[in-house]
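Along the sequence shown, residues carry numbers from 1. Because the structure is predicted, anything quoted here is derived from the model rather than measured.
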Amino acid sequence: MSKGLALTTTVERMPELERLFREGTNGWLGGDCAFSTPLNDGRILWLFGDSFVSSDPEARSRAGSHIVANTIAIQRGHEVRFWWKEGGGRGPTAFFSSPELPGRSWPLSAVRIGEALAVLAVRVVTVDPNQVTGFRLVGHEVYWVPNPDEEPHRWEITLRQLPWSEKTGTFGSWLLADQGYLYIYGFRRHFRSWFKEVWTLVARAPLEDAHRLVEPERWEYLDGEHGRWYKNPAAARPVLHKGATEFSVSYLPELGKFVLLAASWRRGNPIQVRVAETPYGPFSEACTVYVCPEALANRRYFCYAAKAHPELASSPAELVVSYAVNSRKLEDCYHDEGIYYPRFLRVSVLPQRREGNG
C-alpha cells in the first residue's frame, strides 16, 4: 500500500460473543491466545495457552484455581464447552501434554487435514516464575488427532517433534490453505524481550501432501526479500520486520485481498491490518483499526494475540477479531477478573480509497 492509500473501517465490541467464554464455563476461568479452526458440522475448535481452571464447576473467582498450560473448547452455535484433563487427584492439568518431555506445551494454530486434525505447538520451560515472560522456547511439535469428530476426551493424540531451533524460527502462528498449498506462518525473534516486534516468516507445504505436515522435508521456506522459495529453512527471510508472534492472514472478499491482522507493541497495543495480493505478500504498510483501551487505562496491562476468525464472519467485509489482555503482575489476573478472557471485535473493512480523490 502506498502512503496515498487508506482503508475505511468500523469497529464494534461483541459482548454477546464474549459472554460465551465467561458464563457457564464449568470451571474454565480464562485463557490466552484463542486460536480457532472449523471442524465438521458447524463446530469450531478453540485452543488456549495458559488457562485458569477451577475444580469447582460453579466457581466465579480465580482464587484457589489452577493454572494449566493449555485448554481447548468446542463451540456449537451459541454454546461453548471447555476441556482439560484431570491429574489423578492432583487437580486439573493441560489437555495437550507429554510428561516425558521437559516443560509444557502451548498450542498455536491448527488445521483440518482430511479426516484428521494437526495442532502445531511450542514447548517452553520456565526460567523466571516471577516474570510474565519468564519462559524459554525449547522445542516445536505437532499433535496429530485422527478422530477429531469424536468428543475430545476420546481423541487419539500422537505427538511428533519438529527439528527447528528458535534461531531458525517458530512456525504455526497461523495456517492458511490457498491455491494448492498450506501456508504456515511463523516468526523469528531479533530482540531478547518478548515485548518487541519479531520478524514474520512464511513456509508452505503442498496440500496434496498435507497429511505429511509432520515431515518438515516437505516444506518450502520463503525468502521474503527476493520472493523465492527454498527447501532449506536457513534460507527463510522475513516478509515483515515489524511483526507479532500471533496474528492471522485471511482472504477478505470485499477487498479481494489477503489481510494480515496483528497487535503492535506500541502504546495502546494498536491492532493493525496490512493487505497483499497473495498469502505471502508483499504486505502493505500497517493501518490501525483499533487501540486497546485496557492497555491505556493501566500501565501494567498489555494486549496481544490479536487475530481474525474467518469462520465467524457474517459478511464478506467482516473480520471477527479476538485479542487477549494480560498484566505484567500475575496477581492482577486474580484480582481483576475482567482481564485474561478473550475480547472480541467486529471489524468491517471497506474497499481501499485513495486519499484526496473524493
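- Look at Glu23 and Arg60 and you find no salt bridge, because none of the NZ, NE, NH1 or NH2 atoms lies under 4.0 Å from a carboxylate O.
- Side-chain atoms of Glu294 and Tyr323 include a donor-acceptor pair closer than 3.5 Å.
- Using bins of under 30°, 30° to 60° and over 60° for the plane-to-plane angle, the ring pair Phe344/His309 lands in the tilted bin.
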(request) Could you walk me through whether Trp229 and Tyr280 pass ring pair (Phe, Tyr, Trp, His ring centres under 6.0 Å), step by step? (result) CA-CA 11 Å; Trp229 297 90; Tyr280 49 88; 5.4 Å; yes
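- We find that Lys257 and Glu277 are joined by a salt bridge, their nearest charged nitrogen and carboxylate oxygen being less than 4.0 Å apart.
- Note: Tyr185 and Tyr183 have tilted aromatic rings, judged against thresholds of 30 and 60 degrees for the angle between ring planes.
- Of the charged side-chain nitrogens involved, at least one lies within less than 4.0 Å of a carboxylate oxygen, so that Glu318 and Arg346 count as a salt-bridged pair.
- Electrostatic pairing of Asp41 and Arg76 does not count as a salt bridge here, judged by no charged N lying under 4.0 Å from a carboxylate O.
- Looking at Glu86 and Thr93, their side chains never bring a donor and an acceptor atom within 3.5 Å of each other.
- No more than 12 heavy atoms of other residues, nucleotides or ligands sit less than 6.0 Å from atom NE2 of His78.
- Hydrophobic clustering of Ile, Leu, Val, Met, Phe, Trp and Tyr side chains at less than 4.5 Å, counting indirect connections, unites Leu117 with Leu47.
- Note on ring orientation: taking the six-membered ring where Trp is involved, the planes of Trp219 and Phe171 are perpendicular (angle over 60°, cut-offs 30° and 60°).
- The side chain to side chain contact (heavy atoms under 4.5 Å, CB included) search around Pro282 returns none, not counting sequence neighbours.
- Using cut-offs of 30° and 60° for the angle between ring planes, the His140 and Trp164 rings count as perpendicular.
- For the residue pair Gln272 and Thr288, a side-chain donor N or O sits within less than 3.5 Å of a side-chain acceptor on the partner.
- Both Leu39 and Leu108 sit in one connected hydrophobic cluster of ILVMFWY residues. Membership requires side-chain heavy atoms under 4.5 Å apart, directly or through other members.
- With hydrogens and angles left out, the side-chain atoms of Gln131 and Thr133 include no donor and acceptor closer than 3.5 Å.
- You'll find the side chain of Ser51 stays beyond 4.5 Å of the side chain of Phe82, heavy atoms only.
- In this structure, a donor-acceptor pair under 3.5 Å is present between the side chains of Asn326 and Tyr304.
- Phe21 and Trp46 have perpendicular rings, their planes meeting at more than 60° on a 0 to 90° scale where under 30° would count as parallel.
- Side-chain atoms of Thr71 and Trp28 include a donor-acceptor pair closer than 3.5 Å.
- Between Thr168 and Arg188, the side chains place no donor N or O within less than 3.5 Å of an acceptor N or O (distance only, hydrogens not considered).
- Annotation: salt bridge (charged side-chain N to carboxylate O under 4.0 Å, His left out) contacts of Arg62 (sequence neighbours excluded): none.
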Donor-acceptor contacts under 3.5 Å from residues 190-197 side chains, at least two apart:
residue: His190; atom: NE2; partner: Glu197; partner atom: O; Å: 3.4
residue: His190; atom: NE2; partner: Trp199; partner atom: NE1; Å: 3.3
residue: Ser193; atom: OG; partner: Phe195; partner atom: N; Å: 2.9

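- A salt bridge between Arg212 and Glu215 is present, with a side-chain N of the basic residue lying under 4.0 Å from a carboxylate O of the acidic one.
- Taking a cutoff of 4.0 Å between a charged side-chain nitrogen and a carboxylate oxygen, Glu141 and Arg123 qualify as a salt bridge.
- By the neighbour-count criterion of 12 heavy atoms within 6.0 Å, atom CZ of Arg13 is densely surrounded, having more than that number from other residues, nucleotides or ligands.
- In the displayed structure, Glu331 atom CD is contacted under 6.0 Å by more than 12 heavy atoms of other residues, nucleotides or ligands.
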